[in-house]
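Have a look at the structure below, then the notes.
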Amino acid sequence: MIKKAVIPAAGYGTRFLPITKALPKELLPIIDHPTIEYIVSEAIDAGITDILLIVSANKNAIIDYFDYNMELETILLSKNRHYEYGLVRNIAVGANIHYIRQREQLGLGHAVLQAETFVNGEPFAVLLGDDMYVGKDKPAIKQLVDVFEKVNASVLGTMEVELKNTSKYGICIPMENQKGPIIELKGVIEKPKVEEAPSRSAIGGRYILTPTIFEYLRNQPKGAGNEIQLTDAILRMMGKEKVYSYDIQGKRYDVGNKIDYIEAILDFGLQKEELKEELQKLINSKSK
Ligand code: UTP
């Protein structure tokens, strides 16, 4: 059973500058909850009990968000604001949240390497701090946990993207004659040129990895974008262990991308009882 998850959240968030100068991308609000809270909740809903958030020097607001705020709680209770007290108190209930700082932003592979001591030789989940999923039937990471239990090897959560978008992702190369939904992989390549993309199966921010990955991350040279890439270490690991992919069933929002971020706000707003009617009217009036 997978009990540990790692959530890298130490990147610069350059696509969202200037706001990310002061506000971590992972705290961008989906109305009244930050993105990363949905990701932490997804892990908890999948039965994960220990979550390591990888942060950086200017991301202390993430740590504050998951901590108690005694002053605010005392004031809310003294004013009999029990509902609001519950809102601030009941965040990430059900798991221990741990933190570590990535001292230099050398890339996703380097961020995951910071988790080696925490992981302590067990298979573990990775959920990117800016990728949100609304899983069909079960949380996205639970879908991968269930596949891991069948194959007992690393599993990459994938989705099919348009050919023109393949250069933005890690792209999977399946073994010949594979019939899904669980696919054994021959290779992976980070951000290939569109004309060289080996498939349209893109890694979408969710992984189950065996601890073997650290053997490769420790000495992984820089790759695409001059960053230490997790995908490159996974490719090397394939020389030693099988790696599988599984198409995640559900809707993904890459909150680091502005259109996806706006879509997440609209979709979540339309789910909220107190907002949905007026929001729908507003959307209708804008689309006339
Ligand atoms: P991204 O590439 O989407 O994040 O990395 P970024 O670098 O912050 O964003 P842009 O492209 O400049 O806008 C995916 C995840 O990996 C984390 C990010 O915080 C994000 O959650 N990450 C990335 C790290 O933790 N450390 C790194 O060195 C790089």
Side-chain angles (χ1 to χ4, degrees), residues 5-30 34-43 51-63 65-66 97-116 118-119 124-133 140-141 156-159 161 165-171 188 190-192 202-207 209 213-214 217-218 220-234 248 252-262 264:
V6 174
I7 303 185
Y12 287 119
T14 55
R15 285 171 291 165
F16 254 101
L17 283 170
I19 185 65
T20 41
K21 196 178 152 205
L23 178 77
K25 170 170 72 169
E26 298 78 9
L27 287 185
L28 283 172
I30 309 299
T35 301
I36 195 166
E37 187 183 352
Y38 287 104
I39 297 165
V40 165
S41 298
E42 178 189 328
I51 300 172
L52 178 68
L53 304 184
I54 315 269
V55 295
S56 57
N58 55 0
K59 299 227 177 180
N60 291 339
I62 296 179
I63 301 177
Y65 185 78
F66 288 104
I97 311 276
H98 310 257
Y99 304 93
I100 194 163
R101 275 190 182 171
Q102 181 191 21
R103 292 164 77 182
E104 283 180 284
Q105 280 52 71
L106 297 180
L108 177 59
H110 182 258
V112 173
L113 179 59
Q114 311 308 309
E116 186 172 6
F118 166 80
V119 163
F124 63 104
V126 177
L127 302 89
L128 298 195
D130 56 350
D131 260 322
M132 268 175 38
Y133 277 89
I141 199 67
L156 316 181
T158 46
M159 60 197 179
V161 296
N165 289 328
T166 46
S167 59
K168 296 180 192 154
Y169 293 93
I171 301 292
V188 273
E190 185 63 32
K191 300 190 175 68
I203 307 172
R206 295 288 182 277
Y207 311 72
L209 296 172
I213 194 69
F214 295 110
L217 283 175
R218 270 183 235 127
Q220 183 59 48
K222 289 181 177 169
N226 204 27
E227 293 189 352
I228 297 175
Q229 295 289 355
L230 180 60
T231 310
D232 294 344
I234 293 172
I248 293 173
R252 171 182 182 255
Y253 304 90
D254 170 8
V255 172
N257 164 310
K258 288 175 190 163
I259 289 291
D260 272 25
Y261 174 56
I262 294 165

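Every number for a ligand or one of its atoms is a count from 1 in the order of the listing.
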Nearest neighbour in protein (non-hydrogen) for atom 16 (O) of ligand 1: L108 CD1, 3.7 Å
side-chain contact (heavy atoms from CB on, under 4.5 Å) between I30 and Y253, intermediate numbers included: CA-CA 11 Å; I30 309 299; Y253 304 90; over 6 Å; no
Partner of V55 under side-chain contact (heavy atoms from CB on, under 4.5 Å), chosen from Q102, Q114, R101: R101
Backbone of G170 reached by a side-chain donor or acceptor of T231 within 3.5 Å: no
A10 N/O under 3.5 Å from ligand 1 N/O: yes
Structural part of T20 in contact with ligand 1, heavy atom criterion under 4.0 angstrom: neither
Nearest neighbour in protein (non-hydrogen) for atom 22 (N) of ligand 1: G11 N, 3.6 Å
Verdict with reasoning, L53 to I63, per side-chain contact (heavy atoms from CB on, under 4.5 Å): CA-CA 9 Å; L53 304 184; I63 301 177; over 6 Å; no
Backbone N/O of V161 and side chain of Y169: donor-acceptor pair under 3.5 Å: no
Closest protein heavy atom to atom 4 (O) of ligand 1, given as residue, atom name and distance to 0.1 Å: K25 NZ, 3.0 Å
Per-atom contacts of ligand 1 with A111, taking only distances under 4.0 Å to non-hydrogen atoms: 24 (C), 25 (O), 26 (N)
Residue portion contacting ligand 1 (non-hydrogen atoms closer than 4.0 Å) for A9: backbone
Ligand 1 atoms in contact with Q105 (distance to a heavy atom under 4.0 Å): 28 (O)
Minimum-distance protein heavy atom relative to atom 28 (O) of ligand 1: G107 N, 2.8 Å
Closest approach of R15 to K258 (non-hydrogen atoms, all atoms of both residues): O-CE, 3.4 Å
Per-residue contact class, E227 against ligand 1 - non-hydrogen pairs under 4.0 Å: neither
Atom 21 (O) of ligand 1 [closest protein heavy-atom partner, distance rounded to 0.1 Å]: P8 O, 2.9 Å
Within-shell test, E26 vs ligand 1, heavy atom, strictly < 4.0 Å: yes
Under 3.5 Å donor-acceptor, E190 side chain and D232 backbone: no
Value rounded to 0.5 Å, distance of NZ in K59 from CG in L27: 8.0 Å
Taking atom 12 (O) of ligand 1 as the reference point, the nearest protein heavy atom with its distance: T14 OG1, 2.5 Å
Atom 8 (O) of ligand 1: the protein heavy-atom neighbour that sits closest, reported with distance to 0.1 Å: G13 N, 2.7 Å
For the student: nearest non-hydrogen atoms of Q105 and A10, plus distance: CG-O, 3.1 Å
Nearest atoms (heavy-atom pairs only) where T20 meets G13: OG1-O, 2.8 Å
Plane angle bin for F214 and F124 - parallel if under 30°, tilted between 30 and 60°, otherwise perpendicular: parallel
Atom indices of ligand 1, in the order listed, that fall short of 4.0 Å to a heavy atom of Q102: 24 (C), 25 (O), 26 (N), 27 (C), 28 (O)
I54 contact mode with ligand 1 (heavy-atom cut-off under 4.0 Å): neither
Within reach of ligand 1, part of H110 (heavy-atom separation under 4.0 Å): neither
Working for side-chain contact (heavy atoms from CB on, under 4.5 Å), residues T35 and D131: CA-CA 8 Å; T35 301; D131 260 322; over 6 Å; no
Shortest protein heavy-atom distance from atom 11 (O) of ligand 1, along with the residue and atom involved: R15 NE, 3.2 Å
Close N or O approach (K59, ligand 1; < 3.5 Å): no
